[in-house]
Amino acid sequence: MSACSLEHLPQRQRATVAAIDWDRLAVPEARRLRELGFDEGVGVEVLHRASLGKGPIACRIGRMTVALRRAVAGRIQVALIA
Amino acid sequence: MSTLPLVALVGNPNAGKSALFNALTGARQKVGNYPGVTVERHSGRLALADGRPVELVDLPGAYSLEPGSPDERVTRDVVTGAQAGERLPDALVVVVDAANLDNHLRFTLQLLALGLPVVVALNMIDLAERDGLVLDPAVLSRELGVPVIPTVAVRRRGIDLLLEELSTAVGGATAMKLRPSDPALHEDIVTLQRRARRIATAATVSETPTRRWNHLLDTVALHPVVGPVLLLALLFVMFQSVFSWSEAPIGWIETGLAALADGIKDVLPDGFLRSLLVDGLIAGVGAVIVFLPQILILFAFILVLEASGYMVRAAFLMDRLMAQVGLSGRAFIPLLSSFACAVPGIMATRTIDDEKDRLTTILIAPLMTCSARLPVYTLIIGALIPNTRLAPLIGLQGLVMFGLYVLGIVAAFLAALVLRRTVTKGASSGFMMEMPKYQWPRLGDIGIGLWSRATIFLKRAGTTIALTVVILWALASFPQAPSGQKQSEYSIAGRIASGIEVVVKPIGFNHDIALALLPAMAAREAAVGAIATVYSIDNPDEDAGEVRLADRLKGRWSLATALAFLMWFVFAPQCISTIAVTRRETNGWKWPLFMVGYLFAAAYIMAGITYWLAVAAGL
Ligand SMILES: Nc1nc2c(ncn2[C@@H]2O[C@H](COP(=O)(O)OP(=O)(O)OP(=O)(O)O)[C@@H](O)[C@H]2O)c(=O)[nH]1
Ligand SMILES: [Mg+2]
């Protein structure tokens with residue numbers, strides 16, 4: 001099982017959240033992230049990436065599709081599911 | 001104040017609370033397929049199954065009782081009875097999206113901990129089924145310890161059962177009290193979330209993967225290259241259609257009004273009353289009413305975008321650009337609704353978490369071309385820009401119109417850029433947003449939306465604009481000019497305008513415009529009404545149907561003046577309602593005054609530059 005951050009997770013590769021670096025997120029951002037269901041052990045998948053360079057990503061978390069910025073996605077470590 | 005039992009609709013954003021509110025009360029609250037449609041409380045009445053009347057309140061969606069944005073604060077305050085002068089609800093209807101249980105149940109658990117009687121509406125059960133999800137409401141009910149009723153709010157399914165359960169919940173023997181000490185209230189989100197996931201799993205009978213239309217659509221809509229092109233194309237078609245599809249219906253209204261005016265001229269003798277009706281009301285108010293078709297076309301587009309779920313995709317695509325001016329993609333939604341009207345646009349900023357971010361969005365919202373500018377733009381463009389076809393479906397007039405919209409957007413972005421570095425300086429906020437599933441727009445919803453816009457528009461034309469035009473008519477009719485002098489210059493209004501003209505002459509404005517600027521302060525469309533009234537007074541003998549307002553302008557305005565006038569309207573904050581709502585939403589006069597100041601300054605400078613350049617170019 002290999003790991004990377006959600007920011008670099010290949011599209012459509014199923015994974016679970018391994019760890020979230022809460023301390024390096026702004027307080028309101030961390031709260032929203034929790035409210036949207038981000039938590040260790042939850043299944044995630046990157047669905048779409050806006051524009052090639054930066055721009056937000058759309059990912060599936062639980063049953064929900066959520067858009068977030070790459071900087072935040074970079075704080076979320078995921079474990080790939082084979 | 002009524003002492004009816006109070007029932008509140010609560011739940012996550014986009015769960016279908018407002019749709020349920022409408023189904024229960026017969027109201028026509030706005031529903032839309034994106035989180036954050038409702039931003040304030042709305043109340044209505046309904047009769048329970050046993051006939052007792054209760055007051056029902058629809059609330060903004062929230063993810064938890066710890067508010068992140070001003071709209072969520074409203075919800076928290078109502079359900080905890082913290083709102084000043086408000087009573088605690090007697091029961092809650094917690095609305096959850098059946099296809100999104102693990103997330104929505106978390107907030108439900110938190111609400112249950114409040115200790116109020118609760119009925120859960122397991123809404124959007126049809127969408128859950130479409131996704132191949134089978135749920136057991138009985139299990140859910142047992143796990144939560146409250147009644148759970150499957151509903152499809154938009155098709156009124158489950159409403160009767162819901163009303164029955166509500167009858168039991170409301171006014172049950174025990175007087176319920178808040179239990180602010182309940183541990184679950186203070187449990188952290190993660191613990192609640194895990195419990196919610198466990199319950200959701202227990203209540204799920206089976207799950208069969210289905211075809212994923214959503215994903216397919218998003219593959220196109222969010223594509224790095226195709227996505228932005230599609231968004232731009234959509235906006236282009238929207239503005240182009242506003243211009244091209246409305247020609248015929250506008251013609252019908254014009255013909256009707258002309259017939260009315262001629263009819264009155266036949267019946268009434270020349271005099272005070274006839275002038276008031278024909279020159280004042282029909283010319284002035286009529287000049288505004290003819291734009292109803294355009295406004296409805298624009299709204300139809302915006303309503304379809306809102307109902308389909310595309311709005312959040314647009315926000316997603318725009319985030320990168322918005323980030324560069326210090327805003328988030330989320331702000332794009334209020335800005336896009338400002339194309340209709342800045343007032344609901346400014347209200348919609350309540351969904352923005354970050355205070356500075358929200359303030360910036362409020363300050364730039366008036367730059368988005370609202371529908372009240374349409375009459376002004378259309379009149380000037382129709383009069384002075386040739387109606388040539390550049391390509392099939394693309395006309396020069398439509399292109400100029402599109403250019404004005406783009407100009408508004410560019411100006412808004414530049415303004416945000418400057419504001420974020422000066423008066424609303426602060427760390428850039430993030431963008432995090434739930435993306436709803438696509439839905440086929442419901443014709444009924446669009447119809448209701450259009451109907452309510454049409455009534456608002458006509459009411460405004462019949463009140464604010466009619467009043468403004470009548471006052472202007474009176475000021476422009478007296479005192480009577482001696483022969484050889486122009487009425488529009490000799491009258492009181494004419495003299496006031498001559499005063500204003502001194503200030504605006506340097507930027508190319510003529511006496512007509514000076515005269516129109518003051519009434520335009522009440523509402524932008526009133527500028528068109530004012531010009532129409534004054535021309536009508538100046539030419540009392542013409543048949544109304546004979547010479548269209550646009551043709552009258554042709555002879556009197558130079559192209560340079562017209563362009564400067566258009567530019568003025570891109571910036572000028574001429575709308576009392578916008579100023580009022582800004583004052584309300586920012587709690588004071590500081591920001592509305594700042595907004596008015598910077599926008600007028602920009603309007604003056606930009607109109608001036610346009611005029612001087614146009615003159616230099618020999619126009
Ligand atoms: N298919 C289906 N769609 C529904 C149902 N209930 C609501 N909708 C749709 O879901 C979307 C959201 O509905 P709203 O009533 O605006 O949701 P809300 O909970 O008031 O949302 P906010 O005000 O943003 O918190 C709209 O597009 C509705 O037409 C349902 O039972 N079935
Ligand atoms: Mg709502």
Side-chain angles (χ1 to χ4, degrees), chain A residues 6-7 10-14 16-77 81, chain B residues 12 62-64 66 68-69 72 97 99-104 106-107 128 131 133 188-194 196-197 200 207 212 214-215 218-219 221-225 227-228 312-313 315-321 323-324 328-330 353-354 427-437:
Chain A
L6 184 60
E7 187 185 2
Q11 229 148 300
R12 307 314 307 271
Q13 162 70 52
R14 282 152 46 83
T16 57
V17 176
I20 301 173
D21 195 352
W22 297 114
D23 299 335
R24 292 179 61 196
L25 288 164
V27 176
E29 243 165 12
R31 197 200 53 236
R32 274 275 177 254
L33 210 55
R34 285 196 183 95
E35 287 179 343
L36 290 171
F38 281 88
D39 181 16
E40 276 102 47
V42 183
V44 288
E45 181 181 6
V46 172
L47 299 176
H48 310 278
R49 288 196 158 85
S51 54
L52 305 163
K54 287 179 178 165
I57 63 175
C59 59
R60 184 186 57 75
I61 176 93
R63 287 187 186 288
M64 208 147 75
T65 308
V66 170
L68 40 78
R69 285 198 178 152
R70 284 175 201 229
V72 174
R75 303 268 175 266
I76 302 169
Q77 292 300 316
I81 298 174
Chain B
N12 281 42
Y63 288 101
S64 73
E66 190 191 336
S69 49
E72 290 186 328
D97 172 358
N100 210 342
L101 273 188
D102 26 354
N103 199 285
H104 288 208
R106 190 203 52 243
F107 188 30
D131 287 356
L133 203 59
D188 77 299
I189 297 175
V190 172
T191 319
L192 283 173
Q193 180 68 69
R194 289 182 185 162
R197 265 202 300 276
E207 194 182 348
R212 303 170 80 175
N214 253 294
H215 187 79
D218 271 344
T219 312
L222 302 182
H223 187 274
V225 181
V312 183
R313 274 74 189 183
F316 181 89
L317 293 170
M318 291 300 290
D319 182 59
R320 173 123 188 256
L321 202 58
Q324 269 157 16
S328 94
R330 177 137 216 162
D353 292 2
D354 184 82
S428 106
S429 59
F431 171 62
M432 222 181 274
M433 211 174 169
E434 185 181 345
M435 305 184 96
K437 294 191 184 70

Q: Check each atom of Q193(B) against the heavy atoms of chain A and say whether the ones under 4.5 Å are side chain, backbone, both or neither.
A: side chain
Q.
Is it the case that atom CZ in R12(A) sees more than 12 heavy atoms from other parts of the structure closer than 6.0 Å?
A. yes
(Q) Which one wins on heavy-atom pair count under 4.5 Å against chain B: T65(A), L68(A), I57(A)? (A) T65(A)
**Q.** Most chain A-contacting option - heavy-atom pairs closer than 4.5 Å, from D218(B), V312(B), D102(B), D354(B)
**A.** D218(B)
Q. Going from CZ on R70(A) to CZ on R320(B), what distance comes out if it is rounded to the nearest 0.5 angstrom?
A. 8.5 Å
Q. Looking at side-chain heavy atoms only, is the closest gap between R31(A) and Y63(B) below 4.5 Å?
A. no
**Q.** Partner chain A: residue of D131(B), D97(B), L317(B), T219(B) with the largest heavy-atom pair count (under 4.5 Å)
**A.** T219(B)
**Q.** Atom group of I61(A) that falls short of 4.5 Å from chain B, counting heavy atoms
**A.** neither
Q: Working to the nearest 0.5 Å, report the span between CZ of R63(A) and CG of L101(B).
A: 8.0 Å
Q | Among the listed options R32(A), R34(A), E29(A), the residue most often paired with chain B at heavy-atom distances under 4.5 Å | A | R32(A)
Q | Non-hydrogen side-chain atoms of R197(B) and V42(A) separated by less than 4.5 Å | A | yes
Q) Nearest 0.5 Å, what's the CZ-CZ distance between R49(A) and F316(B)? A) 9.5 Å
Q.
Measuring from atom CE of M432(B) to atom CG of L25(A), what distance do you get when rounded to the nearest 0.5 angstrom?
A. 7.0 Å
Q. At a heavy-atom separation under 4.5 Å, does D319(B) approach chain A through its side chain, its backbone, both, or neither?
A. both
Q: Can you tell which part of E72(B) gets under 4.5 Å to a heavy atom of chain A, answering side chain, backbone, both or neither?
A: side chain
Q) Between R60(A) and H215(B), do the side chains contain an N or O donor and an N or O acceptor separated by less than 3.5 Å? A) no
**Q.** Side chain, backbone, both or neither of D353(B) within contact of chain A (heavy atoms, under 4.5 Å)
**A.** side chain
Q: Please flag which part of A99(B) lies under 4.5 Å from any non-hydrogen atom of chain A: side chain, backbone, both or neither.
A: backbone
**Q.** Contact origin within A58(A) toward chain B - heavy atom pairs under 4.5 Å
**A.** both
Q: Please look at L133(B) and chain A and tell me whether the side chain, the backbone, both or neither of the residue comes under 4.5 angstrom of a heavy atom of that chain.
A: side chain
Q | Spacing of L222(B) atom CG and L47(A) atom CG [to the nearest 0.5 Å] | A | 9.0 Å
Q | When V72(A), V66(A), D39(A) are compared by non-hydrogen pairs under 4.5 Å with chain B, the top option | A | D39(A)
